[in-house]
Amino acid sequence: MVFQYTPTEFLNLPPFQGNKEIVRNYDSFERMVHFLELSPFITFDTETSGTAWYRHASICGVSFSGILDNAFKCFYIPFRHKTGETQLSFSRCASGLKKLLENDRLKIAHNFKFDEHMFRKEGISINGPRYDTMIAAHIYNENVSAALKNRAVLDLNIKDAQLYEQAVDIKLKELAKLNNMKITEYKYQFGYSHLPIDLCGIYACYDVDFTTQLYWFYERNHISTDYSRVFNTEMDLLGVLCDMEENGMPIDTDYLFDLKSKLQIVKSQVEENLFHNMRIRNFNIASDDELRNFLLNDLSLPLTKQTKKFQLSVDSDVLKTFSSYHSALSLISKWKEADKLANTYTDSIVRCMDSKNLVHCDFQQIGTIASRLSCRNPNLQNQPTDDDDRAIEYSGVDLEHNGIDPWSIRRAYIVRDKSWPRIYWDYSQIELRILAYYSQDPVMVQAYLNGEDIHSRTSLEVFGNKDKAFRRLAKVINFGLSYGMTEYHFAAAANITVEEAREFLNKFFERYHGVKLFRENLWEYIRNNGGYFTNIFGRPRRIPNINSYNIKDRSRAERQSIATHIQGSAGELTKESLVRIHKAIMSEGLQGLVFPVCTIHDEVQYDCCVDVLPKFCKIVKTVMEDYEEFKPIPIIVDSEYTLTNWSEKRGLKLAA
DNA sequence: GCGACAAGCTTG
DNA sequence: GTACGAGCTTGTCGCT
């Protein structure tokens, strides 16, 4: 490894203020511990050798800040910089670090969950109330990035807050180049561990400085009190997600590798068919440019659908539309389907694993503007569902009758142990129930009180008929309600004219007048309230475009407000339930017998020791359904389980 | 060779 | 004028 470091790099940066110190020996470390021990809060940040805490990445240094006698100080302790510089031993400092982090005082961090993972890896737990300034930033304004330096500029008005980060970035690019690595690869492998201590130390000190100042700023703006319900849920959820990510999801790697080669063979066969048997000119099917060229020039298809940038679209919808024109089109569809699965859902999942075949996703509490969770590395929230048509073609029966999808991805998501079933609880039609609550529409409320099939009821109300075809249309409308549906989309989805669509929707809003009023009243309220509103949990959302003079922008803002209100409430419900379940696990003594493993918007997944299964199931169902605030609408969860894998989950019935 | 963007696909 | 919210992948294009 090659290193280069010239102190002159700092010449153009702001001076290293007197309240910041790089801790270079054990005496200084003890003085720091003594100072921070008496601070009413402790702000911390870890610098690491990468972000993959579940693999090689570990702490190379820690920064702290706190106050004593009105003095605000920041410290950086270097432990494992691979620069040859003298530094402190982590194990020798561990008891001092524990003294600071395991006490009951307030802990503050920006992106708390990451640092908590890093400390847990070192055997240090973090106690006391948590305050994550990144989450507070998102509550303060969900429409701009919550990155630390970005908020130091925007919210604290520190104009040069980005300078040290820029200096670090320049250094990292230099180091990557010296080591002949791409910057992304370098950052993954080494993180900040090769940064000279002076540079990393001043950078890290400013990070805890900004973080503490953001804490003061958001508290001056009453974030944790004005939004106490969502704020407290988020702070509790942070620890639950930490557990969930640490537990990880076991993967059947052999299955995925087999599936990948099976899909590659299918792709080769399709290519052979197209370019050899059918004598079609060879082209790259994955290139939309080349595919468009083929459809237009070789097959002379009259393409009309356009992309956002006014190109002719060649998506799966177009291929399906023209499939009767030429037999090549269905083959191309099949190739694209196999290609998608092979590239996105087989070995790319395996690449995210640790040494024990577990994937540890990153659940993002600030990943969405509507306050749902997002998930990445890998994203477990968009794993393909098994396909009925493929199941019938392969096994002769559909999925409901235990047919098998030969290209199933979910089959790879296996249980941890045969005596530890995985349980899935999902809220039944939660968004429509929430709409029924907000609108108090009498027809909808009554349908839920009666336990009716809501799509059939809509079908009957709008079309005067609840046969299969009409129920399907009703379902399109019902789902569309959560998105602020347009008549154009309904027309396209139902394959009817825009006039017919408008007529049906008018009929719908006539029958469900409460829903119509709810939408209009919500828009009017937001308009008169400067684009700001909150949902039943007190979650804020700002949509300034609701007052735009541009009809397109305003209509979009109206759709967004409906969607945020409904989806956001459902998301909040699931998050609050995750916290409630965690608290119940603690109070019922189920620690170690139950593990959270995943959550997908309106669903939670736990691994549960079979011995405590009935008890745990009863607890979960009770706490998930116990939301009095939605009265009279009943909140219902469905339970499923598997003893093998995700693909084979089945309805769960327990004796009363 | 890299970053940014567009398109397309997968979920709830 | 063909919905709401996400994440991931490939191809393309312009820049260094």
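Every chain is numbered from 1, with letters handed out A, B, ... down the list of sequences.
Taking 4.0 angstrom as the limit, A/S555 places none of its side-chain polar atoms (N or O) nearer than this to OP1 or OP2 of C/dG1. The shortest distance between the side-chain N/O atoms of A/K182 and the OP1/OP2 oxygens of B/dC2 is below 4.0 Å. One finds no side-chain N or O of A/R292 lying less than 4.0 angstrom from the OP1 or OP2 phosphate oxygen of B/dG8. A sub-4.0 Å separation between OP1 or OP2 of C/dC8 and a side-chain N or O of A/N377 is present. Applying the 4.0 Å criterion to OP1 and OP2 of B/dA7, one finds that A/T307 has a side-chain N or O inside that range. In this model, the phosphate group of C/dC4 is approached by a side-chain N or O of A/R559 to a distance below 4.0 Å at OP1 or OP2. For A/R556 and C/dC4, the shortest distance from a side-chain N or O to OP1 or OP2 is below 4.0 Å.
In this structure, the nucleotide among B/dG12, B/dA7, B/dC9 sitting nearest to the side chain of A/D602 is B/dG12. The side chain of A/H489 has C/dA3 as its nearest neighbour among C/dA3, B/dG8, C/dC4. Among the nucleotides B/dG12, B/dA6, B/dC9, the one closest to the side chain of A/K309 is B/dA6. Taking only side-chain atoms of A/K336, from C-beta outward, the nucleotide of B/dG12, B/dA6, B/dC9 with the closest atom is B/dC9. Of the listed nucleotides (C/dC4, B/dG8, C/dG7), C/dG7 has the atom at the smallest distance from the side chain of A/N379.
Within the 4.0 angstrom heavy-atom criterion, only backbone atoms of the sugar-phosphate kind lie near A/K308; the bases stay farther away. When heavy atoms are screened at a 4.0 angstrom cut-off, A/Q383 is found touching the sugar-phosphate backbone but no base atom. Within 4.0 Å (heavy atoms only), A/I409 reaches no atom of the nucleic acid at all. Across all strands, A/R372 comes closer than 4.0 Å to base atoms (heavy-atom distances). Across all strands, A/V314 comes closer than 4.0 Å only to sugar-phosphate atoms, never to a base (heavy-atom distances). Among the atoms of the strands shown, only primed sugar atoms or phosphate atoms (P, OP1, OP2) are found under 4.0 Å from some heavy atom of A/A563. As judged by a 4.0 angstrom heavy-atom cut-off over every strand, A/G480 is placed among the base-contacting residues. Within the nucleic acid shown, A/T564 has no heavy atom closer than 4.0 Å to any nucleic acid atom. At a threshold of 4.0 angstrom between heavy atoms, the contacts of A/I369 are confined to the sugar-phosphate backbone, with no base atom among them.
Note that CD1 of A/I636 is 10.5 Å distant from OH of A/Y448, once rounded to the nearest 0.5 Å. Of the inter-residue distances, the one linking A/E461 atom CD with A/Y512 atom OH reads 5.0 Å to the nearest 0.5 angstrom.
To the nearest whole angstrom, the two P atoms, one in C/dA3 and one in B/dA7, are 14 Å apart. C/dT2 sits 14 Å from B/dG8 when the P atoms are compared, rounded to a whole Å.
Using modelled atom types, no side-chain atom of A/K113 and backbone atom of A/D132 make a donor-acceptor pair closer than 3.5 Å. Not one N or O on the side chain of A/T599 forms a donor-acceptor pair closer than 3.5 Å with the backbone of A/V604. A donor-acceptor contact shorter than 3.5 Å is absent between the side chain of A/D252 and the backbone of A/A412. A/R542 contributes a side-chain N or O that, together with a main-chain N or O of A/Y140, makes up a donor-acceptor pair within less than 3.5 Å.
Between A/D339 and A/K336 there is no salt bridge, since none of the side-chain N atoms of the basic residue sits less than 4.0 Å from a carboxylate O of the acidic one. The pair A/E648-A/R411 meets the salt-bridge criterion, with a side-chain N (NZ, NE, NH1 or NH2) lying under 4.0 Å from an Asp/Glu carboxylate O. A salt bridge links A/E576 to A/R229: one of the charged nitrogens lies within less than 4.0 Å of a carboxylate oxygen.
Protein atom CG of A/L312 is 10 Å distant from nucleotide atom P of B/dG8, rounded to whole Å. Distance, A/N179 CG to B/dG1 C1': 17 Å, rounded to whole Å. Here C/dC8 presents its P atom at 15 Å from CG of A/D347, a figure rounded to the nearest Å.
Using cut-offs of 30° and 60° on the angle between ring planes, the pair A/Y427 and A/Y627 is perpendicular.
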Can you give the dot-bracket line for DNA chain C, using ( ) for pairs inside the strand, [ ] for pairs that cross earlier ones, | for pairs with another strand and . for unpaired bases, where Watson-Crick and G-U count if both distances are under 3.5 Å?
...|.||||||||||.
Let me have a per-nucleotide readout for nucleotides 9-16 of chain C, 5' to 3', with B, S or -, counting only protein heavy atoms under 4.0 Å.
SSSS----
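For A/Q560 against C/dC4, a side-chain-to-base donor-acceptor contact under 3.5 Å is absent.
Annotation: of the two residues near DNA chain C, A/R502 and A/S374, the 5′-most nearest-nucleotide partner is A/R502.
Within the cation-pi definition used here (under 6.0 Å to the ring centroid, within 45° of the axis), A/R539 does not qualify as a partner of A/F231.
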